[in-house]
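Here the structure comes first, spelled out in structure tokens, and everything after it is commentary.
Proteins get letters first, then strands, A, B, ... in listed order; numbering begins at 1 in each. Just so it is clear, the model here is predicted, and its values are computed rather than measured.
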Amino acid sequence: MLHAKSRREANTLPFRADIAVSIAPLLGVETNQIEQMLEIPPNSELGDFALPCFTFAKILRKSPVSIAQELIKAPLPACISKAVATGGYANFFVDRVLLAKDVLTAIENDGTSYGAKDIGRGRVVCIDYSSINIAKPFHIGHLSSTAIGHALYNLYNFMGYRSIGINHLGDWGTQFGKLLAAYELWGEGVDIENGGVDIMVKLYVRFHEEAEKNPELDDMARRWFKRIEDGDELALSLFTRFKEATIKEVMGIYDLLGIQFDSYAGESFYNDKMQPVVDELKAKGLLILSDGAYIVDLSDEDMPPCVILRSDGATLYATRDIAAAFYRKNTYDFAKCLYVVAYQQNLHFRQWFKVVEKMGYDWTKDLEHVNFGMVSLADGGTLSTRRGNVVKLQDVLDSAVAQARDIMEEKSPDLDNKDEVAKQVGIGAVVFGVLYNARIKDIAFSFERALSFDGETAPYLQYTHARCQSVLKKAGNKAAEPAYGVLDNEFAFAVLRALSKYPDTLENAMGKNEPYLIARNLIEIAQAYNRYYYEVRILDGDEANTAARLGLTHAVGTVIKGGLSLLGIAAPDRM
RNA sequence: GCGCCUGUAGCUCAGUCGGAUAGAGCAACGGCCUUCUAAGCCGUGGGCCCGGGGUUCGAAUCCCUGCAGGCGCGCCA
């Protein structure tokens, strides 16, 4: 019954279909229409499901109130314990004991796979995320793409897809000519391999300062970039050293976050793959010469044209993205290809998606720009590498871990793996911070908020999980058959209700590419459980009742651990 | 100027297909640890849901319009 088929909405309890089947005939409508109309009352005292009857009033020529009163007299399915008419609403109460049994048994059986479905049927979804720039610091502005992309990567895998994580490196462009020029001028004694991105930024910033006074430097940079393009040995080897040093440094952060990519094919990778795209566009008559540049006209779509070739013949961002899309389609035969990139680039993606569509490829519909809000600094100012106005992610993570460590020193000094747990808690807090709100929201970064461990945060979830583990450990192995009747109270029911909607939440989160839906559901579960924990003693009384309460505890711990893991966050057993 | 996005409590945000009394967290104040982890729980205060029209039995939600902020608008990425 729990696995009733077409529950497409999140935030529903099971049993929806059963109610619809029993009352639809009385109204003379399709059951699935009723199923969709069923809603959840504002508070559970009114009921667990409600059908507003106002829309039927005209058709049936009766008042909503009397319709509701008739509906509740219908023979009810076994899972509904009672029905009440309140105003124009028919309210249904689910059998809470049955719900407890269904939900807890499902979680007991499935473990952290609870909620997993095989929607993907093994098909591939490419996820382009994090996509760092070579020779630039990994700052908090990159965290959204990294955390959202990673969560989606996990979620799609969980739902039966095969995720391919692609770090589309920003490793091409004239800025590297500047970097090499700067290195030629002032690079003596600079240790590329160990100086990290810091020394690269220093060179880059100095170049910009001096180029303002001395324009000849720009020519020098252009020459260096030309040498990279032409495959000049010295230029290439220098550039490769900068690139590898950057990747080595950022690997440290990816390790902390537990992220791995399946591909690091970045911009330079597509250098030799753009000409075929240009040729095809030309062959299909889409390429137009305009002001010396080759463009695809998009005026019929009310968009500015998409520039494919600059007037000097050089390729652009869009050219590369189109070539990359073809490469990914040919290499992975994806069912979906997601681009986790800030909304700043909305127009860019709309443009080149349309170009691919004009080329006649129906898989354009499988391309999706998963956009997200901009990060600024809470105390004003925008992030800018050039102006040195950055908050490095490494610093944020380090501070968070240090703070977690301090708190543990105070609250649980006898823990033996404090460093490990501090890492999980501190990093979890930072990551959760960007996964808790809808993607589109802008973020004004502040240390104070990022390092908050109270309330709706990862540490709160981790704490709740650890609490569950602690109770379960203390209980030991009890084999009694659970007496679910003991869970027939408002506190347990709130927990069960939150647990029961988790599977739909996951599906909805994937459909919308919105990890925050998972985060919110987990918080709801934890809040309900912490209330329950305060109100009801778990290890108490006879074994059958205790077994049911332990079942609830185990379920909460399992779902929180599983959900956090989807978000890329660890859940320690003690903290 | 044009296009897109955002606007809900002091702050950060939820609010499902239009539904019942608009919800959380933080901050403030007041309570709860001899009992399973107090990184927790409970309570109090706090709202012109940006403004104005409209549609509807019913609007934070849909439509129109205005305002404010963000982003973008052919040869950067």
Side-chain angles (χ1 to χ4, degrees), chain A residues 9-12 36-37 39-43 46 50 52 54-55 57-58 64 86-89 91 131 133 170 172-175 267 290-298 302-312 314-318 320-321 341-348 350-351 371 373-374 376 378 404 407-408 410-412 425 429 433 436-438 440-444 446 448-449 452-457 459-460 462-464 466-475 504 508 516-517 520 523-524 526-527 530-540 549-550 553 574-575:
Chain A
E9 283 304 307
N11 306 335
T12 62
Q36 282 181 36
M37 284 180 68
E39 58 191 44
I40 298 184
N43 74 64
L46 286 163
F54 309 97
T55 46
K58 269 182 196 163
T86 314
Y89 294 87
N91 290 309
S131 300
N133 293 314
W172 196 254
T174 49
Q175 73 268 27
E267 295 177 341
S290 162
D291 294 336
Y294 280 98
I295 64 163
V296 174
D297 179 64
L298 297 172
D302 287 322
M303 280 191 275
C306 185
V307 182
I308 301 295
L309 289 177
R310 261 173 15 194
S311 39
D312 66 358
T315 56
L316 286 113
Y317 190 38
R320 220 174 310 271
D321 268 342
V341 179
Y343 68 59
Q344 216 171 13
Q345 298 188 21
N346 277 357
L347 179 60
H348 164 73
R350 280 182 54 218
Q351 284 179 303
N371 61 1
M374 311 289 294
S376 59
I407 294 173
M408 285 169 63
E410 182 199 332
K411 305 208 182 212
S412 32
V425 172
Y436 192 58
N437 293 327
I440 198 67
K441 300 284 182 181
D442 288 333
I443 296 174
S446 84
E448 194 193 341
R449 221 175 297 139
S452 159
F453 294 177
D454 299 323
E456 298 163 340
T457 63
Y460 176 77
Q462 291 166 322
Y463 177 78
T464 308
R467 234 182 186 181
C468 291
Q469 296 315 312
S470 175
V471 177
L472 292 169
K473 189 179 170 195
K474 184 162 183 181
D504 282 348
N508 203 15
Y516 88 93
L517 294 169
R520 299 265 167 183
I523 289 290
E524 189 187 355
Q527 283 174 332
N530 282 321
R531 179 79 200 262
Y532 178 79
Y533 180 93
Y534 181 84
E535 300 289 345
V536 179
R537 196 165 165 77
I538 293 157
L539 302 174
D540 195 29
R549 290 188 294 257
L550 284 171
T553 302
R574 295 185 63 201
M575 65 183 273

Between A:K474 and A:A314, who's closer to the 5' end of RNA chain B by nearest nucleotide?
A:K474
Are any non-hydrogen side-chain atoms of A:N133 and A:Q175 less than 4.5 angstrom apart?
no
Before giving the answer on side chain to side chain contact (heavy atoms under 4.5 Å, CB included), spell out for A:E39 and A:Y89 the whole-Å C-alpha distance, their side-chain angles and the decisive distance to 0.1 Å.
CA-CA 10 Å; A:E39 58 191 44; A:Y89 294 87; 3.9 Å; yes
Would you measure the distance from the P atom in B:rC26 across to the matching atom in B:rG40 and give it in whole Å?
7 Å
Write down the distance separating the P atoms in B:rA22 and B:rU16, rounded off to the nearest Å.
15 Å
Which one is paired to B:rG40, where only Watson-Crick or G-U wobble pairs with both distances under 3.5 angstrom count?
B:rC32
What nucleic acid atoms does A:R574 come within less than 4.0 Å of, heavy atoms only: base, sugar-phosphate, or nothing?
base
Going by distance alone, is a donor N or O of one side chain under 3.5 Å from an acceptor N or O of the other, for A:Y343 and A:D442?
yes
What's touching nucleotides 60-62 of chain B from the protein side, N or O pairs under 3.5 Å?
none

I'd like the C1' distance from B:rC64 over to B:rU55, given in whole Å.
11 Å
Does A:R549 reach the side chain of A:D540, with side-chain heavy atoms less than 4.5 Å apart?
yes
Quick one: look up who B:rG3 pairs with, Watson-Crick or G-U, both distances under 3.5 Å, and put none if it's unpaired.
B:rC71
Within the 4.0 Å heavy-atom criterion, would you say A:I538 contacts the bases, only the backbone, or no part of the nucleic acid?
base
With syn defined as a glycosidic torsion within 90 degrees of 0 and anti otherwise, which applies to B:rC33?
syn
Under 4.0 angstrom, heavy atoms only, what part of the nucleic acid is A:Y317 near: base, sugar-phosphate, or nothing?
base
Walk me through whether A:K411 and A:M575 qualify under side chain to side chain contact (heavy atoms under 4.5 Å, CB included).
CA-CA 9 Å; A:K411 305 208 182 212; A:M575 65 183 273; over 6 Å; no
Output the rounded distance in Å from OH (A:Y343) to C1' (B:rG3).
14 Å
Check whether any side-chain heavy atom of A:P304 sits under 4.5 Å from a side-chain heavy atom of A:L347, and report yes or no.
yes
Between B:rC2 (P) and A:N346 (CG): distance, integer Å
20 Å
Could you pick out which residue, A:Q345 or A:I295, lies toward the 5' side of RNA chain B when each is mapped onto its nearest nucleotide?
A:I295
Look at all strands and tell whether A:S290 reaches a base, only sugar-phosphate, or nothing, counting heavy atoms closer than 4.0 Å.
base
Would you measure the distance from the P atom in B:rC63 across to the matching atom in B:rC73 and give it in whole Å?
27 Å
Complementary nucleotide for B:rC62 - Watson-Crick or wobble, under 3.5 Å:
B:rG54
Would you classify A:V341 as touching base, sugar-phosphate or nothing, given that sugar-phosphate means primed atoms plus P, OP1 and OP2, and contacts are heavy atoms under 4.0 Å?
nothing
Pairing nucleotide - B:rC76, Watson-Crick or G-U, each distance under 3.5 Å:
none
Step-by-step side chain to side chain contact (heavy atoms under 4.5 Å, CB included) determination, A:R520 to A:I523
CA-CA 5 Å; A:R520 299 265 167 183; A:I523 289 290; 5.7 Å; no
Euclidean distance, atom OH of residue A:Y534 to atom C1' of B:rA39 [Å, nearest integer]
17 Å
Quote, to the nearest angstrom, the P distance that separates B:rA9 from B:rG47.
10 Å
Is any side-chain nitrogen or oxygen of A:Q344 closer than 4.0 Å to OP1 or OP2 of B:rG72?
yes
Phosphate contact (B:rC57 OP1 or OP2) by A:K58 side-chain N/O below 4.0 Å:
yes
Whole-Å distance, A:Q351 CD to B:rC76 P, equals 14 Å
Given the P atoms of B:rU8 and B:rG69, what is the spacing between them in whole Å?
14 Å
Is B:rG74 syn or anti, taking syn as a glycosidic angle within 90° of 0?
syn
Which part of the nucleic acid, if any, lies within contact of A:D291, taking any heavy atom under 4.0 Å across all strands shown: a base, the sugar-phosphate backbone alone, or nothing?
base
Counting the atoms with a prime plus P, OP1 and OP2 as sugar-phosphate, which does A:Q462 contact under 4.0 Å by heavy atoms, base, sugar-phosphate, or nothing?
nothing
Of the candidates B:rA38, B:rA39, B:rU12, the side chain of A:Y533 sits closest to B:rA38
When both distances are under 3.5 Å in a Watson-Crick or G-U wobble arrangement, the nucleotide paired with B:rA9 is none
Quick one: is B:rA38 close enough that its OP1 or OP2 comes under 4.0 Å of any side-chain N or O from A:R467?
yes
Does the side chain of A:H348 reach to within under 4.5 Å of the side chain of A:V341, using non-hydrogen atoms?
no
Given the P atoms of B:rC11 and B:rC48, what is the spacing between them in whole Å?
12 Å
Over how many whole Å does the gap from A:E267 atom CD to B:rA77 atom P extend?
7 Å
Side chains of A:Q345 and A:N371 in contact at under 4.5 Å (non-hydrogen atoms)
no
Can you tell me how far P in B:rA38 sits from the matching atom in B:rC32, rounded to whole Å?
16 Å
How many angstroms lie between atom OG1 of A:T86 and atom CG of A:N91, to the nearest 0.5 angstrom?
4.5 Å
Could you state the CG-P distance from A:L347 to B:rC5, rounded to the nearest angstrom?
13 Å
Would a 4.5 Å heavy-atom cut-off, applied to side chains only, mark A:T457 and A:Y436 as touching?
no
So, is A:K441 near the phosphate of B:rC13, with a side-chain N or O under 4.0 Å from OP1 or OP2?
no
Considering every strand and a 4.0 Å limit on heavy-atom distances, what is the contact class for A:I440: base, sugar-phosphate, or nothing?
sugar-phosphate
Scanning all shown strands, the Watson-Crick or wobble mate of B:rA20 with both distances under 3.5 Å is none
Using the glycosidic torsion, which applies to B:rC17: syn (within 90° of 0) or anti (everything else)?
syn
Length of the CG-P vector between A:L298 and B:rG74, whole Å:
12 Å
Rounded to the nearest 0.5 Å, the OH atom of A:Y294 sits from the SG atom of A:C306 at a distance of 16.0 Å
Give each protein N/O atom lying under 3.5 Å from an N/O atom of nucleotides 19-27 of chain B, with the pair distance.
unit_1	atom_1	unit_2	atom_2	d
B:rG19	O2'	A:E39	OE2	2.4
B:rG19	O2'	A:Y89	OH	2.9
B:rA20	N6	A:N91	OD1	2.8
B:rA20	N1	A:N91	OD1	3.3
B:rA20	N1	A:N91	ND2	3.2
B:rA24	O2'	A:E456	OE2	2.2
B:rA24	O2'	A:Q527	NE2	3.3
B:rG25	O4'	A:E456	OE1	3.3
B:rG25	O4'	A:E456	OE2	3.0
B:rG25	O2'	A:E456	N	3.4

Closer than 4.0 Å, any side-chain N/O of A:Y516 to the OP1 or OP2 of B:rG15?
yes
Measure the distance from CG on A:D297 to C1' on B:rG74 and round it to the nearest whole Å.
11 Å
So what does A:M303 touch, heavy atoms closer than 4.0 Å: a base, only the sugar-phosphate, or nothing?
nothing
